[in-house]
Amino acid sequence: MMRNRSNRLAYFPQLVITFVWVLALSFNTSAASHQKTFRFNVSPNGYPPYLIVEQEQPSGIIWDVVSLIGQRLNYNVVPKKVPRKRVDQMLLDGVIDGTSRAREWTENPNRFLFTDSVVPIEEVFFVPRESKLEYRSPQDLYSKTVVTHLGYHYPELQVHFDAGNIRRFDVPKDQDMFTFVLHGDRFDAAVADRLVGQWILKKQGLQDQFRSTRRGISQVDFRIMLRKDSKAFVDAFNAELKSIRENGELDAILAKYR
């Protein structure tokens, strides 16, 4: 009897280890099964340095923030490449769950919910370095052609576009805007976010051939746009966003792309 008892005691630690392993596996499986999916639009061309889609795994300021916060809210963030013209309807239809956007760039923004500002965006003009163009008001652009991003809204300039005082030339990719200005005789300036423009010019080795105007046409907040039924997510996202802003994690993300 003593020998059998000793044998059972000898196996007891192994049984405990096995039990703990099975319990941990069960817990991890249960946690994974409860993880929700957040389908986030990164667009086919991205929006460097906010969204960069050149490699298999997206990166960029907005992607890093959404991924970090999504992970802490127990969401698996899945990138979706949706063309700009289809984003709003696909969001309303539930095909995707969120996209990065400023309220000011959105038609009928009251159809959606927006998070707090993730990062500010300042739209300025980029002109050839030898150009004498300075921007103080829209009148400085009269009789000139501005290269703009296809599908974007520019409230400060729209009335002047409509009146024909300023000509607008749309291109689908940000990086192409600078090529048109640099090599096209009839293009005078490109309008882009200051950080985006600097990022593109650095990548293309054109920093010495352009300068940006001191004054811009807008400064807006880049947010995450979601459906109206996403208030619980928005509230939780905002709380985490405030936390990473206060503890320095957001500054660390921004520093990687400056």
Side-chain angles (χ1 to χ4, degrees), residues 43 45-52 60-62 65 84 100-107 109 114 117-223 225 250-251 253-258:
S43 86
N45 299 311
Y47 186 26
Y50 303 103
L51 291 166
I52 302 171
I61 295 168
I62 295 294
V65 170
R84 174 66 182 85
S100 52
R101 187 78 63 79
R103 280 196 183 100
E104 295 82 356
W105 297 349
T106 307
E107 291 185 12
F114 292 83
S117 173
V118 177
V119 62
I121 286 182
E122 181 188 12
E123 290 181 305
V124 297
F125 295 97
F126 286 84
V127 299
R129 188 164 295 277
E130 69 275 8
S131 171
K132 296 181 180 180
L133 176 63
E134 291 293 344
Y135 182 78
R136 293 169 294 272
S137 71
Q139 285 71 25
D140 293 320
L141 297 174
Y142 277 15
S143 301
K144 299 186 183 302
T145 300
V146 177
V147 181
T148 53
H149 196 295
L150 178 66
Y152 280 20
H153 300 278
Y154 304 95
E156 183 169 325
L157 301 179
Q158 191 57 51
V159 63
H160 307 282
F161 288 147
D162 294 340
N165 295 320
I166 305 172
R167 292 180 294 272
R168 171 176 180 162
F169 183 82
D170 287 336
V171 297
K173 296 181 180 180
D174 283 315
Q175 56 265 36
D176 293 340
M177 299 169 71
F178 301 96
T179 303
F180 276 100
V181 174
L182 193 61
H183 300 293
D185 293 337
R186 63 189 183 95
F187 304 114
D188 300 286
V191 58
D193 166 55
R194 192 186 298 277
L195 185 54
V196 170
Q198 291 172 347
W199 170 273
I200 293 171
L201 293 175
K202 179 180 179 181
K203 287 289 186 179
Q204 296 182 342
L206 299 175
Q207 306 100 306
D208 296 336
Q209 299 192 51
F210 282 88
R211 62 177 177 83
S212 58
T213 57
R214 293 182 181 181
R215 187 183 183 281
I217 56 173
S218 70
Q219 182 167 329
V220 298
D221 292 314
F222 215 15
R223 308 169 187 267
M225 186 174 84
L250 180 58
D251 284 339
I253 291 173
L254 293 171
K256 292 193 301 181
Y257 299 99
R258 284 175 176 153

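Throughout, numbering of the chain's residues begins at 1 and tracks the sequence.
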Hey, does the side chain of [X] reach the backbone of [Y] with a donor-acceptor pair shorter than 3.5 angstrom?
X    : Y    : result
R101 : F114 : no
R103 : M225 : no
R194 : R214 : yes
D193 : E122 : yes
S218 : V220 : no

Note to self: So if I apply the side chain to side chain contact (heavy atoms under 4.5 Å, CB included) rule between M177 and each of D170, L182, V147, which one comes out positive?
What the structure shows: V147

Which heavy atom in [X] sits nearest to a heavy atom in [Y], and how many Å separate them?
X    : Y    : result
F178 : G197 : CZ-CA, 3.7 Å
P49  : L195 : CG-CG, 3.9 Å
V181 : P128 : CG1-CD, 3.7 Å
A189 : V127 : CB-CG1, 3.6 Å
F169 : F180 : CE2-CE2, 3.7 Å

Item checked: Y135 and F125 aromatic ring geometry - parallel, tilted or perpendicular at 30°/60° bounds -> tilted

Checklist line | For R167, all residues meeting salt bridge (charged side-chain N to carboxylate O under 4.0 Å, His left out), sequence neighbours excluded | finding: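 With sequence neighbours excluded, R167 shows a salt bridge (charged side-chain N to carboxylate O under 4.0 Å, His left out) to no residue whatsoever.
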
Note to self: A quick test of your reading: do over 12 heavy atoms of other residues, nucleotides or ligands sit less than 6.0 Å from NZ of K202?
What the structure shows: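 It does not: K202 NZ has 12 such atoms or fewer within range.
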
Notebook entry, point to check: Quick check: are there more than 12 heavy atoms from other residues, nucleotides or ligands sitting under 6.0 Å from CD of Q139?
Noted result: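 Yes - once you tally the heavy atoms of other residues, nucleotides and ligands closer than 6.0 Å, there are more than 12.
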
Flag side-chain contact, heavy atom, 4.5 Å: [X] against [Y]:
X    : Y    : answer
V159 : N165 : no
I52  : Y257 : yes
L206 : I200 : no
H149 : Y154 : yes

Next item on the list: Report yes or no: do R186 and T145 form a side-chain donor-acceptor pair below 3.5 Å?
Entry: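 Distance-only check fails for R186 and T145.
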
Next item on the list: Would you please indicate if the ring centroids of Y47 and W199 are separated by under 6.0 Å?
Entry: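 Here the rings of W199 and Y47 have centres that are no less than 6.0 Å from each other.
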
Margin query: Please determine whether a side-chain nitrogen of the Lys or Arg among E104 and R223 lies less than 4.0 Å from a carboxylate oxygen of the Asp or Glu.
Written below: no

